[in-house]
Every structure is written in structure tokens, then in C-alpha cells.
Amino acid sequence: MEPREARRRLVHFLQLAHAGELGAALAYESHARTARTARERDDILKIREEEIDHRARVGRMLARLGERPEPALERTMERIGRAIAAFCRIGGWFLPMYGAGKLERRNIVEYEDAARAALLSGHGEFADDLLDMAEVEWDHERFFRLKSATHPMWRWMPHWDPPAPKGEIRASFARFFRGVSDEIALSLRSDFATS
Ligand SMILES: [Fe+2]
Ligand SMILES: [Fe+2]
């Protein structure tokens with residue numbers, strides 16, 4: 001991928017994540033009210049805090065790139081977050097847990113993709129922070145999946161593939177990093193040979 005294309009993808013991802021984390025925080029606020037125990041409510045509120053923290057971190061990355069959040073996306077995700085929050089009030093316990101697990105599964109991959117795009121666009125300094133957020137999303141997916149699986153409805157629902165062990169997030173990025181470095185070394189060597 002060309003660095004310019006990688007940067008475009010990175011910015012687009014960061015704008016999506018910035019807006020998406022707001023939607024998630026709004027949804028989880030309402031979701032926490034459907035909790036069955038105080039412990040469960042606190043766990044969901046902690047996840048909500050972590051999404052707010054992600055939004056701030058992603059916002060700082062956008063600023064460092066000289067970019068800003070995309071207003072239309074922010075509005076759409078806020079609307080979606082509020083719609084899910086309203087659904088949580090009538091949707092009972094299971095469906096919000098199940099939906100959150102599915103969403104978090106996607107978030108893991110999106111932060112991993114962003115870390116790769118950061119590397120390819122010459123912003124490897126963001127990679128560690130993005131991988132850390134992927135790891136936090138991994139914890140979130142696990143929480144919501146294990147909760148959903150305690151409900152009788154779980155066996156009637158389609159199941160998403162659970163993520164690989166958490167360590168794979170850093171391990172697969174390291175493999176990607178080595179692949180990119182090898183490619184750069186190879187092209188430098190061939191430039192040297194032809195000059
Ligand atoms: Fe998040
Ligand atoms: Fe999350």
C-alpha cells in the first residue's frame with residue numbers, strides 16, 4: 001500500500017473510531033441500567049469509561065496528523081448510539097449484551113488494521129497506542145460474549161468467531177512489521193544493485 005493511501009485509510013479509520021466510541025459510550029450508559037447485579041453494572045460502566053478514553057486518545061492522534069473529527073460521522077454515530085440506548089430500555093438483557101459482543105469483535109480488528117495503516121503511512125509512533133486499544137476491545141468482546149453465553153437465547157443465535165488469544169494482537173503485528181521491514185530492505189538492496 002502506498003504511504004499516501006495508508007494515511008488516507010488511517011485518517012478515515014480514526015474519524016470512524018472517534019465517532020464510534022461516542023456512540024458506544026452513549027449506548028453503554030443505557031445498557032448499564034439493564035444490568036442484573038451491581039457488579040455487572042459497574043463492569044459495563046468501566047467499559048463505557050474506556051470507550052471515552054479511546055475517543056480522547058484517537059482525537060489526539062487526529063490532531064497530531066493535523067486532521068479533525070468528521071462532523072457528519074459524529075452526528076450519525078451519536079444518533080445510532082442514542083437509538084441503541086433507547087433499544088436497551090425495551091430490549092431486555094440479552095440482545096444488548098449480544099449486540100455489544102458482536103460490535104466489540106469488529107472493534108478489535110479495526111484497531112489492529114489502524115495500527116498497520118499507521119506503520120505503512122510513516123506513523124509507527126501510533127502503533128503501540130492503537131494495539132493497546134485493540135487489547136482493551138479484546139477484553140470488552142470477551143466480557144459481552146461470556147455474559148451472552150449464560151443466557152438460554154445464546155444457543156439460538158448465530159455466533160461470531162471468537163478472537164485469537166490476546167497475545168496474537170502483538171504477535172501478528174510483529175510478523176507484519178517484519179514483513180514490511182524485509183520488503184524495505186529488499187527494495188533498498190535492489191536499488192543499490194542497480195545504481
Ligand atoms: Fe473502544
Ligand atoms: Fe469497546
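Both ligands and their constituent atoms are indexed starting at 1 by order of listing. As the structure is a prediction and not an experimental result, all values here were calculated from the model. Because only heavy atoms are used, hydrogens play no part in the values below, and waters and symmetry mates are left out as well, while side chains stay in.
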Within H140, is some N, O or S atom less than 2.8 Å away from the Fe ion (ligand 2)?
yes
Here the N/O/S atom of E51 closest to the Fe ion (ligand 2) would be OE2
Relative to the Fe ion (ligand 1), which of the N, O or S atoms in E21 is the closest?
OE2
Please name the atom of H54, limited to N, O or S, that comes nearest to the Fe ion (ligand 1).
ND1
Assign the ring pair H31 / F144 to parallel, tilted or perpendicular, where the plane angle (0 to 90°) is split at 30° and 60°.
parallel
Tell me the angle that OE2 of E104 and OE1 of E137 form around the Fe ion (ligand 2), rounded to 10°.
140°
In terms of relative ring orientation, are F126 and H123 parallel, tilted or perpendicular, with 30° and 60° separating the classes?
parallel
Can you confirm whether or not the ring centre of H151 sits under 6.0 Å from the ring centre of Y98?
no
Angle between ring planes, H159 versus W154, binned at 30° and 60°: parallel, tilted or perpendicular?
parallel
N/O/S from E50 sitting under 2.8 Å away from the Fe ion (ligand 2)
no
In short, A114 meets L10 closest at the heavy-atom pair O-CD1, 3.7 Å
